[in-house]
Amino acid sequence: MPKFNRTNKVTNRRISKSSISKTLLVEVAWEVCNQVGGIYTVIRSKAPTMVKKWEDNYTLLGPYVEEQASAAFEPLPLDEESSVCRAVKRMQASGIDVHYGEWLVTGKPKVVLVNPLSVQDRLGEIKYALWDHHGIPLPSHDDLLDKTIAFGELNRIFFSLLSEEEKSKKIIGHFHEWMSASSIPELRRDNVDISTVFTTHATMLGRYLAANDHEFYQHLPFFDWEQEAINFNIEPQVRIERAAAHGAHVLTTVSDVTGQECIHLLGRKPDEITPNGLNIERFTALHEFQNLHKEYKEKIHQFVMAHFFPSYTFDLDNTVYFFTSGRFEYKNKGFDTTLEALAKLNYRLKQEQSDINIVMFFITKRPYHSVNPSVLQSRAVMEELRYTTKMIQNQIGERLFYAAASSNDHRLPELNDFVDEYWKLRFRRTLQSWKSGGLPSVVTHNLEDDQDDEILNYLRNANLLNHEDDRVKVVYHPDFISPASPLFGMEYGQFVRGCHLGVFPSYYEPWGYTPLEAMASGVPSVTSDLAGFGDYVVNNLQDHEEKGIYVIDRKNANFDAGADQLAYKLHKFIKMDRRQRISQRNKTEHNSTFFDWHNLIHHYDKAHNLAISRLKK
Ligand code: G6P
Ligand code: 1S3
């Protein structure tokens with residue numbers, strides 16, 4: 001029977017080879033082979049480091065989602081030597097739809113995928129057990145809850161069988177987020193012989209409370225979690241999260257900021273902070289990523305020309321591109337602070353009679369009917385203009401060459417004569433339809449809820465509507481960027497590379513991958529000390545501004561003071577000249593290795609060492 005000893009202190013930063021050889025580690029997440037959000041990035045980017053370290057003793061466990069699995073999963077034969085495979089075989093024999101194979105991402109980790117539909121017919125019984133044994137109330141029908149409960153039951157079955165099959169090694173089950181963790185309380189109740197680690201990537205209550213309370217952090221120690229869970233109608237999720245946090249042998253979370261939530265909202269101090277890294281892949285030659293910036297900035301120029309130039313023009317060489325991106329959480333992601341700072345910056349630059357242009361992109365996801373037809377139209381007309389000028393250029397080029405080769409006259413001929421009337425007319429007509437009246441739209445799509453959209457309402461109230469004399473222009477793109485997007489036609493990562501600065505002054509952000517992803521591409525960004533990443537940078541990365549990570553203080557500043565700071569930092573950034581920007585990009589990219597998993601994995605090692613020490617066989 002496992003003995004739980006919470007007082008064990010583990011100071012080892014690295015897990016030893018000998019411990020690894022005697023342990024099986026199974027990481028469980030709803031986002032294994034199933035892309036939903038940030039946890040997918042954690043698991044996927046960490047995989048190469050984990051596989052290298054744990055070799056055959058490492059397995060991932062996730063849900064079987066056919067569309068995703070068909071693209072990224074390769075089945076493997078079940079190996080009788082492996083206890084994981086024997087557990088899978090026994091699940092299959094009992095009629096469960098479970099798959100074993102390789103996840104086709106860097107590192108190619110071994111994965112077990114279980115289909116939540118396999119226990120659909122037992123949902124009532126599973127819910128009753130959670131209620132009866134752990135006081136977790138579950139509604140009769142809630143699609144996501146039903147799937148996660150089913151997933152929990154399947155991973156409970158898997159670990160129970162694995163512990164029977166594995167005769168010599170210890171087993172660690174490492175569960176990410178509540179969606180994977182409804183099995184923890186049941187595994188503990190059944191005394192299944194494994195050690196459990198629960199990593200929370202946010203707390204349910206924290207997310208809701210922060211979005212609704214301007215003084216969330218001041219009020220944090222005083223919330224009545226039970227009452228608030230009922231108020232927000234998230235009692236089942238909160239109770240699962242708490243049961244997992246209390247039941248796990250080891251609790252970890254991604255940042256000190258979320259650590260405070262664990263203390264006050266989950267009622268347990270995390271044993272270890274496990275910050276998120278990336279699998280940083282650098283080019284061998286420094287200039288390569290700078291060239292990419294130039295290449296993708298040129299693509300963004302194309303969009304900007306099509307969008308703005310029919311109304312008025314400006315100097316693209318004196319234009320700086322800012323962007324923010326992420327799920328639409330207006331206050332939590334700091335969109336409100338960003339808008340306020342942009343309005344202040346615009347005012348300041350106008351006062352200074354600056355001639356710089358800033359184009360700020362909001363890339364997020366909102367329900368919309370269609371792309372705004374006039375935005376599409378100007379893009380199409382610009383393509384037509386490009387085609388027409390190209391044809392004229394070709395015609396002049398060829399004819400000039402023949403004229404020059406066959407002439408004794410050294411003077412340049414009249415170039416107009418080389419162009420057919422047809423192309424002259426087409427050129428004039430295209431230019432006529434190119435120039436339009438009116439201001440360039442601040443939003444690229446027709447939103448379903450245009451009247452109540454918070455970004456649009458702010459822009460309207462602040463009159464930040466792309467007037468010609470505005471130094472700050474806005475493009476609100478309420479859809480994620482993809483190569484199929486008719487307006488940008490590029491990958492999100494390429495878009496990031498083409499920009500100059502990411503703006504992410506979050507109010508609630510357990511970690512926040514967006515500034516780190518920008519950093520890995522050599523693009524500087526602004527974040528806040530309320531984002532786990534920003535807080536980590538302030539405490540661990542010296543001279544971070546020089547290295548392209550600006551952090552605004554939102555812990556001690558109210559909304560206005562935060563927006564003032566952001567406006568100040570944005571202003572400071574645009575005062576840099578091109579040489580300084582190039583040099584800062586070099587430093588940004590260079591220092592991103594600080595966040596390579598190789599440098600951060602020791603936090604996971606500590607959690608796993610602790611898990612082993614708390615399970616005495
Ligand atoms: C990269 C390119 C340079 C280009 C520069 C533009 O460094 O290698 O050729 O001049 O980007 O930088 P900027 O910050 O003005 O977009
Ligand atoms: C969470 O995803 P989110 O965007 O809902 O987990 C991410 C990975 O740990 C983290 O980066 C993010 O801050 C959290 O909020």
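One is the number of the first residue; the rest follow in order along the sequence.
- You'll find the side chain of Leu465 reaches within 4.5 Å of the side chain of Leu459, heavy atoms only.
- Salt bridge absent: Glu454 and Lys331 never bring a charged side-chain N and a carboxylate O closer than 4.0 Å.
- Environment of NZ in Lys575: crowded, with over 12 heavy atoms of neighbouring residues, nucleotides or ligands closer than 6.0 Å.
- More than 12 heavy atoms of other residues, nucleotides or ligands shown are found within 6.0 angstrom of CD on Glu414.
- Other residues, nucleotides and ligands place more than 12 heavy atoms under 6.0 Å from the CZ atom of Arg460.
- The aromatic rings of Phe308 and Tyr312 sit tilted relative to each other, their planes meeting at an angle between 30° and 60°.
- The aromatic rings of Phe595 and Phe533 are tilted relative to each other, their planes meeting at an angle between 30° and 60°.
- Residue Phe427 qualifies as open at atom CZ: its count of foreign heavy atoms under 6.0 Å is 12 or below.
- Ring centroids of His307 and Phe303 are separated by less than 6.0 Å, placing the two rings close together.
- Salt-bridge check for Arg411 with Asp409: passed, with a basic side-chain N closer than 4.0 Å to an acidic carboxylate O.
- Arg327 and Phe335 get closest at one heavy-atom pair: O-CZ, 4.0 Å.
- Phe309 has its ring centre less than 6.0 Å from the ring centre of Phe314.
- The backbone N or O of Asp355 lies less than 3.5 Å from a partner atom in the side chain of Asn318, making a donor-acceptor pair.
- With salt bridges taken as basic N to acidic carboxylate O contacts below 4.0 Å, one links Lys572 and Glu545.
- We find that Glu298 and Lys294 are not joined by a salt bridge, their nearest charged nitrogen and carboxylate oxygen being 4.0 Å or further apart.
- Arg366 forms a cation-pi arrangement with Phe328, by the criterion of a distance under 6.0 Å to the ring centre and an angle within 45° of the ring axis.
- Taking the ring centroids of Phe495 and Tyr296, they lie at or beyond the 6.0 Å cut-off.
- Across Val371 and Pro486, no two heavy atoms sit closer than the pair CG2-CG, 4.1 Å.
- The shortest non-hydrogen separation linking Gln565 to Asp553 is OE1-N, 2.9 Å.
- With Arg399 contributing its side chain and Phe418 its backbone, the two residues share a donor-acceptor pair below 3.5 Å.
- Asp543 has no carboxylate O lying under 4.0 Å from a charged side-chain N of Lys587, or vice versa, which leaves the two without a salt bridge.
- The side-chain heavy atoms of Leu501 and Val523, taken from C-beta on, include no pair separated by under 4.5 Å.
- Residues Tyr476 and His445 place their aromatic rings such that the two centres sit no closer than 6.0 Å.
- One finds a salt bridge joining Glu329 and Arg207 here, because a Lys/Arg side-chain nitrogen approaches an Asp/Glu carboxylate oxygen to under 4.0 Å.
- Here the shortest heavy-atom pairing between Lys344 and Ala563 reads CE-CB, 4.0 Å.
- No more than 12 heavy-atom neighbours from other residues, nucleotides or ligands sit within 6.0 angstrom of OH on Tyr208.
- With respect to the salt-bridge test (charged N to carboxylate O, under 4.0 angstrom), the residues Arg554 and Asp529 do not qualify.
- Salt-bridge formation is detected for the pair Arg348/Glu352: a Lys NZ or Arg NE/NH1/NH2 atom is positioned less than 4.0 Å from an Asp or Glu carboxylate oxygen.
- Closest approach of Trp30 and Asn34 over heavy atoms only: O-ND2, 2.9 Å.
- Counted within 6.0 Å of NZ on Lys350, heavy atoms from surrounding residues, nucleotides or ligands total more than 12; the atom is thus considered enclosed.
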